[in-house]
Amino acid sequence: MSLPKRIIKETERLLQEPAPGISATPHEENLRYFDVIIAGPSQSPFEGGVFRLELFLPEEYPMAPPKVRFITKIYHPNIDKLGRICLDILKDKWSPALQIRTVLLSIQALLSAPNPDDPLANDVAQHWKENEKAAIATAREWTRSYAQG
Amino acid sequence: MIPMQRLVLRILSRFSRKTFIRSAWKNLNSLNEHDELVDALEALISMSHEENEFIELITVIADVLSEAPMASAFLCHIIDSAALPSKETSHKITTRLLQKLKPGLCRTKPKKRIRVNVSIMWSVLAEKLAGEISLSLFTDSVCNTLLDYLQNDNDPRVRLFALIALEKFGMTGQNKQKILSAEKDIHKILQVLLKELYSNENSTIDVYRKRQLKFCVDWALKNTFDSGKGIIRNPDDSSINHNNINVMMNPLDATAHWKLSPNGLEIRNDNFAFESIRATAGVTSGKWFYEVLLLTNGIMQIGYATKRCTFGPEEGTGIGDDHYGFAYDGCRNILWANGISVPYGGNVPWKPGDVVGVYMDINLGCVRFFLNGKDLGMVHPLNIAQFRKLAESGLHPALSFTSYQQAIVNFGTEKFRYPPSSLSYEKLNNHVQLSAELRDSIQKRTSRYRSISISSSLKQQFETTEDDFDAQCSICFAMPPCIILGPCNHDGFCVECAKMMNLCPLCRCPISSRRPMNNNNLPPSPTKLSSSSTSISSSIPSTAIVLPPTPPDSRSEYSIPSLEPDVSRGLEP
């Protein structure tokens, strides 16, 4: 097993002291591949939702960012319909000092604070900007229909 | 439209449910019109919402499932979209499937097709419904039936799918225990089977199916059902030196579920998703050729992709499905580039044993595919400028497979079967090197990998690494932290990690120097991102580097002095 110590230690900590509202479990057959569950933050349109994500640590990790994707459908201006996430630390603002835990906390924070000015899903962002109330209602509806575990 | 359909369906199903399912299924496999296809699929899916109809659906499909390449893809889609069956329903399903396997009046065994189909049906259900439901599907009789097929059936295809079904049930822990503790010893069965397959290797009957079976048995012995006691060696592993192989398919640059031979050139997908994989090497200019020997005839997309090509196994996207690659699929006879498909090649689908040749000329921006030496025609997937631009980041040979597909890739290690004689080209294998490290990781990935459970492997590794978290490099958590970065003076990094970074990981300022830390001479590192330096480098002349004190527990392989010259000469500006 040539799994880097960094990954082993991070995994151990994730399993022993999970961050509130977040769980990340590595696949038995591929320890670089994690099943992630993030609970929708309270007072956000995603409250009450259970969002499944996949997280993969590429060979270059931690010199390259983990790859993360929503599996559960979500109505969010920074997440597109394939579940890809627009978050700077997952791209050019990655730093090897960041960890799986910090990445997942950032994603959780992104759910609390959607940013329609830096959109990935253009139609959703447009909706959000033009009629925030209606967009939030749609997000709530999607949470109810798709994110129930 | 939909409620209407439901109504029609209800009425139809009252009269002849079976006939209806049969015809809907038949339509599904023969229709090309997208709308009609969706309608037929919709009709079948809507049946799954009532228990009895779902059971009927499953049993009828088990009757009529054919070897048509699309059949298992449709089946997966139906199970995916179906309402989750209850435990009771799934128990009933298993009972019905078992009944199908009972000897009839005039036969001792059910037809081969039924034996295969029921195994496939169990595989799909076991994978899609892993967990509680899989437990109720996997009764003792199912376990024994599958082990019996694996051991005694005279058809390699039945044995293959019995094995795959066992693997899929084994995804659920308690089921795996049941398999491993069954009266028939699966390790013994697999080892005997493997020996048998090796001993009649020269037989020409069913050669591609036997090859698939051999590959899967070998994989199961080393991975899924690894006994942990050592295994009989597959002659392919030990007698053949892999050092002449400079390009392999890279399981570390792929979706998660590939089965791969130890030489990294034979690949198979038994997962119910569209799995993709890139080769270890990419090219940026020149003319190149490689070959793929097909062992199955299903949907495979064979071509080139850059690292930016995204793999969407669940969405069904792979090589050629975005702007970062192109691929040929001779099952549907189409060429994929830029995410769209155009008709390409002949009218007849490819078959096991066919050899696909992939020729690419980056300078002219053109691609040619060959089937058994026959030129299928030159294409320009992009205009020349775009093509060259794409190639700048490196085009890797890359493949995407639907379930149950297998092939052997040849980058020039072996003689090409059908070299394109009129064209000049290079062999990838002659022009690149595979790092020992990557070779090693790939080989580890092909053996005994899946069997290591997370808890035991982690535990084992933790026991050997009880070092204090803080006493290690904050990036790799493995080496002593002995480097301080300039100009920001953030510290806590080891030599190797410091070398790999251009920006400080804590404050993102460009790194201008990497110096050894000395706790006696240096002030504690600043914690705020903005607090930049009074130049400490000036207080320590680079000719007189003070070595960090060796931590008392540090082991010899971490010896710092040996790394020090690198630091002073290589990295100081």
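Lettering of chains follows the sequences in order, A, B, ..., and the numbering in each one begins at 1.
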| note | When the 4.5 angstrom heavy-atom criterion is applied to A:P96 and chain B, the contacting part is both
| note | If one checks every heavy atom of A:K93 against chain B at 4.5 Å, the contacting part turns out to be both
| query | Aromatic rings A:Y61 and A:W94: how do their planes relate, parallel, tilted or perpendicular, breaks at 30° and 60°? | reply | tilted
| query | Between A:Y146 and A:K73, is there a cation-pi geometry (under 6.0 Å to ring centre, at most 45° from the normal)? | reply | yes
| Within 45° of the six-membered ring axis of A:Y33 and under 6.0 Å from that ring's centre, is NZ or CZ of A:K67 located there? | no
| query | If you count heavy-atom pairs under 4.5 Å with chain A, which of B:D253, B:L252, B:I475 comes out on top? | reply | B:I475
| query | Please walk me through it: do B:K499 and B:E496 pass salt bridge (charged side-chain N to carboxylate O under 4.0 Å, His left out)? | reply | CA-CA 5 Å; B:K499 264 203 274 188; B:E496 284 304 313; 3.7 Å; yes
